[in-house]
Structure formats: structure tokens, C-alpha cells
Amino acid sequence: MKVVVRVVLLGFLLVLCIASVLLTVWFHVDKPLVYFHLYRRSECTFHGTPLNKGTAFKEGCEKCVCISSDNVKCETVKGCVEDDKIHVVVASDKHALGGMITLVNSIYHNTNASVQYHLIITAQSHDHLKVWLNEVPLKFLDFDVVVFPEEWVNHKIVAHGGREDLERPINYAQMFLPSLLPNIHNKIIYIDPDCIVQGDISELWATELQPGKIAAFSSDCSHLAKRASMFHNRFVSYLNFDNPLIHKAGLRPETCSFNTGVFVTDLGLWRHYNITEELQDWMTINFQQEVYGNREGGGGPQPLFLIVFNNKYTELDPFWNVRQLGKALDIQHFYPSPCYVLFHQGVPTGQQYSRQFLQSAHLLHWNGRIKPWDAGAHYQYLWDKYYIGDPVREFHVIRKFKKKN
């Protein structure tokens with residue numbers, strides 16, 4: 001009897017082993033076919049537009065690369081979590097801290113969307129900002145404060161044109177966004193602190209990056225940008241084309257420049273293309289040999305971005321970066337002769353925009369020497385209505401005339 005039982009058990013185990021082998025073989029043969037239909041697309045397109053081989057793009061937390069015309073490889077970005085928040089990044093030191101506060105307040109007052117503010121600050125201004133953020137209505141906002149390690153760029157900065165403000169380390173924080181915001185893998189909006197937002201920030205957030213593009217910038221050759229500026233708007237104004245490395249990089253002097261004070265980007269793509277490493281490489285090269293162009297280019301991160309993001313950006317709606325508001329008083333510095341204004345395109349910024357137009361613009365940008373908190377700045381009244389006074393009285397707004405009571 002025991003022998004029979006053992007035979008039956010052995011037979012049963014043998015059947016299980018055979019079944020297990022058959023199931024393993026079946027899964028090894030058929031599972032890739034199931035995976036193919038579930039995860040691989042039949043063609044390489046983005047919203048119906050065919051893409052070239054090697055083009056990378058993002059859809060939510062999925063990072064995809066075109067292998068061929070009928071093969072797209074997609075993978076989920078590690079740590080990526082889709083949320084309904086708009087991520088806005090602003091960087092400032094003590095010199096523009098009031099601008100950061102005013103910008104945040106302007107966004108808050110013009111949108112009902114859920115916004116998370118990522119405020120990048122120098123260690124020197126960290127405590128000051130914390131106190132300021134406790135003021136109403138800022139204390140109810142969703143924000144995190146990140147200290148920028150200035151040693152990342154110390155002894156690497158070379159600026160031209162007498163713009164000492166461009167030599168401050170915080171200007172280069174935008175180069176290191178993935179490192180400063182390690183938990184963000186999707187879209188962010190970066191805005192300089194010399195701006196205010198008058199439109200709904202959710203409209204800027206809706207900007208779509210075209211396949212193969214890493215960011216969206218406002219072109220200096222748009223009709224609106226050219227109308228507002230008497231300054232050059234080509235690469236030749238910012239880069240030294242006598243340097244052979246500029247030619248080797250495939251850059252052309254007549255290429256339209258773009259403004260880096262406001263942009264939309266995807267940090268997942270930024271990491272994929274190693275943008276920070278490229279920017280750092282060019283920063284090192286410029287320290288060793290001149291890459292920046294004439295004094296109008298000035299310096300700062302702008303020339304670096306022009307080099308690295310050449311042909312890698314989508315054009316931003318120009319109404320989301322109405323600029324040159326801080327350059328109106330730069331004319332005498334750049335062009336001592338008044339004849340320049342008469343015989344070249346453009347006139348001082350202050351005479352270019354009507355009040356009605358500026359009030360309808362989505363974002364105002366006081367790029368240039370004269371900031372909206374300085375004496376003599378144009379259109380101060382538009383900036384002043386969003387300013388929240390400094391509780392510790394270290395940041396000073398300078399006005400030529402006091403309002404009568």
C-alpha cells in the first residue's frame with residue numbers, strides 16, 4: 001500500500017514539474033509579444049507629428065526615445081510623481097529679495113491654480129526670507145526654500161560690460177536646477193525676480209515643449225521683442241565669433257538670441273541631455289578663454305544658455321515675457337551719441353509701450369540695469385501694487401516722489 005501511495009505522489013509531482021516547465025516556456029515565448037502590444041507604439045509620433053530617430057520627449061512621467069520610425073522606447077522616470085501643482089522657481093540674493101516677494105505675490109493674486117514655489121536663495125538671505133514669508137498672504141502659500149551653494153560657481157565667473165550685478169553667483173543658480181530640485185522630474189517654470197505676473201500662470205504652464213526641445217524661451221526676434229528694443233538681437237551681440245570653439249559648435253552670428261529670464265523646461269529632459277554639465281563646460285571654457293562677445297552681451301548665464309540651447313528650444317508666447325523695461329536708461333551707457341537712436345531701429349523702452357498695453361501683458365520683465373524697485377524705473381506703479389513691505393526693513397524701494405496723503 002505504501003508503495004502505491006509513493007508511486008501516486010511521485011506521479012503527481014512529475015505532472016506538476018512538467019506543467020511548470022510548459023508554463024515557463026509559454027511565458028518566455030509569449031510575454032514579449034504581450035509587452036510589445038502594451039508598451040511599444042506602432043509609430044514614432046508626438047500628437048500626430050512624425051519624429052526623427054533619436055528624438056526624446058516626455059509624456060507625464062514617461063520618458064520616450066524614438067528608436068526608429070516604428071519603434072519607440074519608453075520608461076517611467078524613477079521617483080516621478082504626477083501632481084496637479086504648478087511648479088514655479090525663482091532665484092535671488094539680498095539685492096533682489098523684494099523682487100522675489102513681489103513676483104510670488106503677483107502670481108498668487110492672478111491665479112486660482114495650485115502653485116508650489118521653489119525659492120532658491122543665498123545662505124546670507126535665508127533667515128531674512130523666512131521672516132518675510134510669514135507676512136500675510138504669503139504665509140498661506142505652498143513653498144520650499146533652497147540654499148544655493150555659491151562654491152559651485154565661485155572663481156569661475158567672468159562678466160563683461162561693467163555689469164557687476166551679472167557677476168553675483170545667484171545668477172547662475174538656473175544652471176543647476178536638477179541638483180537644486182532633485183525630487184522634481186517634470187515641468188517647471190523659471191522666472192527672474194525682476195518680473196511680475198499679471199496673467200494666469202496656468203496659461204504659461206500649458207506651454208508645450210515640442211519633441212527634441214528641452215525648454216521654451218521668448219525669442220528676441222519676435223515682432224514684439226524687436227519693437228521694444230533698440231538693442232541687437234543676434235548671437236553676434238553675445239558671443240565671441242573670433243573664438244574657434246564658437247564656430248566648431250556650429251553657431252552662427254546671425255542666429256536670433258532669446259531671453260533666459262523666463263522659461264519653461266522639463267527637468268527630466270534636462271537630466272537626459274546633461275544640460276547642467278554642458279553649461280558648466282562652457283563656463284569653464286569662458287574662464288580660460290573669452291567666449292562671451294562685446295560689452296552688450298554683458299555676461300551672466302545668458303551666453304552660456306544661447307550656446308547650449310541653440311536649436312533645442314520652443315518659442316514662448318512673447319506676451320509672457322514683455323521685457324526691456326529696465327533698459328530704457330541704458331542708452332547713454334551703451335550709445336553716448338544721441339544720433340544712434342535716430343539712425344537705428346528702436347527708441348527708449350519707456351516710449352515704446354502704452355499703459356493700456358502694459359496692463360494687458362501677461363508678464364512684465366525689468367531686465368537691464370534699472371530694476372522696478374530703483375529710483376527712475378519705468379512703470380513703477382505696476383510693480384508697487386504687488387510689493388509687500390519688508391518686516392525687517394533691510395530691502396529698500398527707492399522712489400523719487402512720495403505720494404501725497
Just so I know, are the side chains of [X] and [Y] near enough to count as touching, which here means a heavy-atom distance under 4.5 Å?
X: L133; Y: V145; value: yes
X: W282; Y: L245; value: yes
X: T111; Y: V115; value: yes
X: L166; Y: Q302; value: no
X: V88; Y: I188; value: no

Within the 6.0 Å centroid threshold, strictly below: [X] and [Y]:
X: F258; Y: Y313; result: yes
X: H118; Y: F143; result: no
X: F309; Y: W270; result: yes

Could you give the distance from [atom1] ([X]) to [atom2] ([Y]), rounded to the nearest 0.5 Å?
X: Y190; Y: F217; atom1: OH; atom2: CZ; answer: 11.0 Å
X: I196; Y: L103; atom1: CD1; atom2: CG; answer: 9.0 Å
X: L209; Y: I214; atom1: CG; atom2: CD1; answer: 9.5 Å
X: I170; Y: H95; atom1: CD1; atom2: NE2; answer: 11.0 Å
X: L382; Y: T102; atom1: CG; atom2: OG1; answer: 12.5 Å
X: L239; Y: R234; atom1: CG; atom2: CZ; answer: 13.5 Å

Side chains of [X] and [Y], donor plus acceptor under 3.5 Å:
X: S257; Y: D220; answer: yes
X: Y379; Y: D384; answer: no
X: N259; Y: S218; answer: no
X: Q198; Y: N110; answer: no
X: D266; Y: H272; answer: no

Quiz item: Do you know which of L279, I120, V153 makes side chain to side chain contact (heavy atoms under 4.5 Å, CB included) with F176?
Solution: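 Between F176 and the candidates, side chain to side chain contact (heavy atoms under 4.5 Å, CB included) is satisfied uniquely by V153.
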Note: [X]-[Y] ion pair, threshold 4.0 Å (strictly below):
X: D194; Y: R323; result: no
X: R369; Y: D374; result: no
X: E150; Y: R168; result: no

Quiz item: If you draw a 6.0 Å radius around NZ in K312, do more than 12 non-hydrogen atoms from other residues or ligands fall strictly inside?
Solution: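 Yes, the 6.0 Å shell around NZ holds more than 12 heavy atoms from other groups.
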Practice problem: Give me the ring orientation class for F357 and Y353: parallel if the planes are under 30° apart, tilted from 30 to 60°, perpendicular past 60°. | Solution: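 Parallel, since the angle between the ring planes stays under 30°.
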Practice problem: Work out which heavy atom in L181 is nearest to a heavy atom in R271; give both atom names and the distance. | Solution: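 In this case the closest contact between L181 and R271 is O-NH2, 3.2 Å.
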Quiz item: For the residue pair K94 and F395, what are the closest heavy atoms and their distance?
Solution: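 Where K94 meets F395 most closely, the heavy atoms are O-CD1, 3.9 Å.
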Quiz item: Run the side-chain contact (heavy atoms from CB on, under 4.5 Å) check on W152 and S179 step by step: do they pass?
Solution: CA-CA 11 Å; W152 287 358; S179 299; 3.9 Å; yes
